[in-house]
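Here's the structure we're looking at; comments come further down.
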Amino acid sequence: MYKRIFYPFKNPNPTQKYVIYYNYSVSNNAQFGGIYVYIDKLREKLGTEKVLTEDFERYVYGADWSPRTKDEIFPPDVVIVPKTTEDVAGAVTIAYEHGIPVTAGGGLTGMAGGAVPIHAGIYIDATSMNKIIEVDVRNQTVRAQGGATLQEINDSVKDHGLWLPNLPESKWVCTIGSEIACDNDSTFGMRYGKILNALLSVQIVTGTGDILELGHRKCHFTSSGYKLKDLLVGSEGTLGVITEATVKVEPIPDERRVEMIIFPSMGTAVSYLDRLLKAGLTVEGAHINCKRRLKFYTHAYRKKYGKDPEIPDWAGALLAIIFAGDKEVVDFERNYALGIAENMEGELVKEREIVEGWWISKHTLEFPPFKQKWPDSQREKKFGAVDPGIPMGRLEEFYDVFVKTAEKHNLQILGMNAYLEHPNSIGFSLSCALFVDYHDQDEVNRYRKYFEDMAKAAVDFEGTMSTYMSDTDLKVPYFEYEHGKSTEYMKKVKELFDPKGIMNPGKKFKYRGGGK
Amino acid sequence: MSLADYKEDVETCFGASCGFCERKCPVYQILKKKTFTSRGRNRAILGIIEGKVKPSAALAEAYYQCMLCGCCERWCALPDTEIERELRKYLVEEGFEIEKHKKNVENVMKFGNPYGKEDLNKWREGIKFASLKETDTLFFAGCTMPLRQPETLRRAVELLGPEKLAVMDEEICCGSYVLRTGYEKEYNELSDRFIKYLKDNEIKKIITACPGCHTTISEKLEKHGLEIEVTHIIQEYVEMLEKHKLTVKKLLGKATYHDPCHLGRLEDLIDEPREILRQISDFREMENHGYDSNCCGAGGGVRAAYPELSMEIAKKRIEEAKATGAEILISSCPFCEEQFKTIGGIAVMDIIDAIWEAVK
Ligand SMILES: Cc1cc2nc3c(=O)[nH]c(=O)nc-3n(C[C@H](O)[C@H](O)[C@H](O)COP(=O)(O)OP(=O)(O)OC[C@H]3O[C@@H](n4cnc5c(N)ncnc54)[C@H](O)[C@@H]3O)c2cc1C
Ligand code: SF4
Ligand code: SF4
């Protein structure tokens with residue numbers, strides 16, 4: 001293994017210290033037990049190599065992909081890069097003793113600030129724990145450390161003809177720990193659902209430093225005990241740090257066909273999918289884009305043709321639909337589905353470049369060299385979404401709410417997307433997205449007001465505030481709007497795992513302050 | 001240019017935070033700290049511009065551990081390696097230098113090469129080159145091949161025909177090492193001399209043997225607006241094969257090719273070596289090749305200053321090569337080859353030697 005070696009530097013200013021350990025942004029926790037003491041203890045326990053305290057090192061970990069201005073970067077006091085569960089347990093034990101906040105993070109691509117250490121303290125960079133522990137081909141399971149990316153998991157099983165299909169676009173960077181902790185959605189949700197459908201067992205380090213295994217080992221389900229494992233899905237690191245997980249993987253289908261069908265409205269597209277399920281078809285993935293939204297996925301098309309694709313005026317929705325399996329089955333299902341579409345005002349998109357451009361953007365990420373879409377698409381303004389869930393029959397109605405709310409806050413609409421995320425059902429999550437100027441604090445604040453209005457509107461629609469981003473600090477002020485009296489029970493659950501309230505404090509619930 | 005000129009780019013990176021640069025960064029994949037990625041570096045630069053991060057020796061140490069290989073840029077639309085170079089320039093200006101780099105740059109300025117060696121022209125003994133009156137094509141050997149692969153270099157010009165090529169009496173260093181370690185003043189000094197030489201001698205074409213020289217010279221000419229053709233020797237051989245000026249036979253066994261970053265990803269010279277290798281060997285690709293090729297770990301001054309890290313990266317690349325079942329690992333860069341030879345475990349060959357053996 002590579003060992004870090006220090007080389008002598010020339011510094012013209014000998015009064016300047018080379019290694020500044022306790023520099024700025026000492027958190028308010030200093031008063032509880034003292035930052036200097038706990039950092040020294042971390043070094044002693046984990047070794048200096050795994051404890052990062054330089055300002056430039058901490059600054060990197062102060063923000064994720066959520067809309068925020070650069071003044072809203074919150075560096076932790078110290079970053080640790082653990083290699084083992086014991087490292088994590090050691091760090092959390094010290095944090096528990098001193099009442100120091102602990103925030104775990106993965107790829108830092110979260111959309112709502114879940115991994116941002118808003119109360120400073122210790123940041124655990126779980127991506128340094130990315131080992132694949134076991135691939136059990138016969139039982140189709142993988143055990144990995146919590147910081148393994150979804151891509152790394154897939155790389156470890158692909159030669160066995162297996163894959164983990166619960167994949168967001170960010171799969172190269174998103175870790176299995178994060179996928180569990182923020183409950184993100186998946187491109188292939190209509191067949192395989194979200195991560196809960198694949199999760200068999202999880203190891204966590206609780207807020208006291210205890211190591212617990214929750215779940216049912218390699219078995220697909222259990223009726224024994226309480227399903228504590230399920231509590232971790234969407235827990236955002238507020239109950240503990242996920243250090244290992246066992247997930248089930250699936251056989252890789254031989255063939256895949258991706259199609260796009262235009263419908264007059266998003267509601268017709270939902271009815272169409274319902275009809276396909278009634279017919280007995282298996283759809284691997286389905287994404288209903290409103291017309292505006294498609295533009296966000298046509299980067300590859302624009303690069304090639306220098307213009308946006310032409311979509312007919314009557315189009316209200318573009319359904320991207322995926323079929324996978326043996327070739328004969330895929331061909332049959334596709335043709336059958338297209339036949340039904342014709343009878344339901346659906347029109348197939350014939351220009352393959354549009355479909356393939358979307359697919360590159362959504363899944364393969366095979367962008368031409370040096371031309372991937374993300375940085376440039378976020379240059380002036382960035383993607384900012386809210387992720388409500390609503391009853392399926394009220395999509396059209398909610399679309400109006402989306403447009404009106406964006407207009408009310410004077411924000412530019414990017415578009416709506418309904419992702420089908422429930423296996424073999426038309427249950428969908430929503431992405432109601434805007435372009436947010438993250439250089440402008442006022443606009444970011446207006447986006448947060450929009451976020452609140454939309455989350456509350458979803459509850460008013462008999463739905464839920466969040467379907468794949470979890471709550472983070474954004475929903476804290478109106479958490480009870482959805483959860484009412486059960487909020488108190490949830491707080492008790494948190495207390496059980498995290499008696500001092502140090503695990504990702506300020507997310508879901510208000511931070512109670514230091515531990516003593 | 002200054003760091004502040006990249007403000008919009010580093011802010012865009014903060015806005016995107018996609019992390020796509022991490023997956024293939026050879027340094028990050030070993031060290032596993034986000035500071036070592038393009039995202040981490042862009043964030044640190046944002047911090048410096050915003051006055052939230054102070055330049056320090058530790059920061060310099062972190063950001064000199066980057067080969068400028070462009071594996072990150074392949075998956076990003078920002079000029080990440082250009083930004084890294086600007087950061088190094090800034091660090092040098094701020095006085096955060098690495099002893100080893102400083103010494104090597106002094107050597108370049110004094111001896112024309114980072115190794116501090118004097119007699120770089122030994123490889124030319126007995127070869128009869130054209131004079132500058134007879135040709136306007138310059139053959140540029142660089143500093144590393146003359147020292148490490150003199151025989152390969154002799155073969156290279158033999159295949160081309162030395163009577164058609166001129167050489168500088170004493171080569172003026174292209175400045176690759178100096179440029180990539182952040183010494184702008186020294187680099188400009190070398191460049192001015194280099195450009196003056198080209199102008200004075202009315203050079204129309206330069207053939208390079210080393211990928212580092214190739215990119216640096218091309219960049220220099222573009223900056224100075226000089227329309228001089230620069231080719232890498234592989235391009236010359238491909239043309240000769242196409243025109244039947246060179247005929248080869250299949251001679252080598254199972255072989256794979258490592259794209260040097262400067263030639264493949266950065267200069268788009270991807271198909272050419274393969275055209276040759278398919279004719280002379282039982283050729284197979286590594287999983288990561290062409291634009292997606294992994295770095296050997298030598299570039300950007302990493303081998304000089306961080307040898308252990310550098311070797312760790314080379315080892316991974318060798319594993320990839322071996323996984324193809326190849327017996328020979330062929331490349332076209334003296335640095336990459338030196339890396340692989342140091343690790344061992346597979347025969348390593350320069351493409352020039354491979355062609356030399358295959359010529360009928
Ligand atoms: C280019 C791009 C594409 C995206 N595509 C999608 C998409 O298709 N679908 C979608 O839903 N989202 C998408 N996202 C958003 C984001 O990628 C997901 O939310 C993803 O789950 C975040 O993963 P991460 O590893 O970056 O998590 P982070 O942002 O690092 O963390 C997310 C949450 O998990 C917690 N956490 C992380 N690791 C642990 C651990 N080991 N233990 C306990 N808690 C932990 C953090 O505290 C935080 O609350 C995308 C983002 C980007 C930038
Ligand atoms: S450097 Fe490029 S690829 Fe990496 S996070 Fe920034 S924008 Fe994304
Ligand atoms: S240039 Fe290479 S080593 Fe440097 S950050 Fe990019 S991928 Fe990593």
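Below, read A as the first sequence line, B as the second, and so on, with proteins coming before strands; counting in each chain starts at 1. These numbers come from the heavy atoms of this one structure, side chains and all, not from hydrogens, waters or symmetry mates.
Ranked by heavy-atom pairs under 4.5 Å with chain B, the list A:Trp374, A:Trp65, A:Trp172, A:Tyr61 is led by A:Trp172. The most heavy-atom pairs under 4.5 Å with chain A, out of B:Gly70, B:Cys76, B:Cys72, come from B:Cys76. With chain A as partner, the option from B:Arg265, B:Glu8, B:Glu22 having the largest number of non-hydrogen pairs under 4.5 angstrom is B:Glu8. Between chain A and the residues B:Arg41, B:Glu50, B:Met311, the most heavy-atom pairs under 4.5 angstrom are made by B:Glu50. Contact count against chain B (heavy-atom pairs under 4.5 Å) is highest for A:Gln378 among A:Glu380, A:Gln378, A:Lys371. With chain B as the partner, the residue from A:Gly107, A:Cys174, A:Pro67, A:Gly62 showing the most heavy-atom pairs under 4.5 Å is A:Gly107.
Counting all heavy atoms, side chain and backbone alike, A:Pro75 lies closest to A:Pro117 at C-CG, 4.5 Å. Across all non-hydrogen atoms, the minimal contact from A:His363 to A:Lys171 is O-NZ, 2.5 Å. Shortest non-hydrogen contact noted between A:Asp125 and B:Lys32 is OD2-O, 4.2 Å. Closest of all the heavy-atom pairs between B:Glu186 and B:Val178 is CB-CG1, 3.7 Å.
At a 4.5 Å heavy-atom cutoff, B:Asp292 makes no contact with chain A through either its backbone or its side chain. Residue B:Arg23 touches chain A through its side chain alone, counting heavy-atom pairs closer than 4.5 Å. For A:Asp64, the part sitting under 4.5 Å from any heavy atom of chain B is the backbone (N, CA, C, O) and nothing else. For A:Ile73, the part lying near chain B is the side chain, with the backbone staying farther off; criterion is any non-hydrogen pair under 4.5 Å. Using a 4.5 Å cut-off between heavy atoms, A:Thr149 does not touch chain B at all. Interface residue A:Val173: only side-chain heavy atoms are found under 4.5 Å from chain B. Both the backbone and the side chain of B:Phe14 come within less than 4.5 Å of a heavy atom in chain A. At a 4.5 Å heavy-atom cutoff, the contact between A:Tyr438 and chain B is made by side-chain atoms alone.
A donor-acceptor pair under 3.5 Å is absent between the side-chain atoms of A:Glu366 and the main chain of A:Ile360, judged by distance alone.
A donor and an acceptor atom, one from each side chain of B:His262 and B:Thr215, are located under 3.5 Å apart.
You'll find the side chain of A:Met129 reaches within 4.5 Å of the side chain of A:Thr85, heavy atoms only.
For the pairing with B:His101, the ring-ring contact (aromatic ring centres under 6.0 Å, His included) check across B:Tyr177, B:Tyr183, B:Phe96 returns one residue only, B:Tyr177. With respect to B:Gln339, the side chain to side chain donor-acceptor pair (under 3.5 Å) criterion is satisfied by exactly one of B:Lys315, B:Arg317, B:Arg303: B:Arg303.
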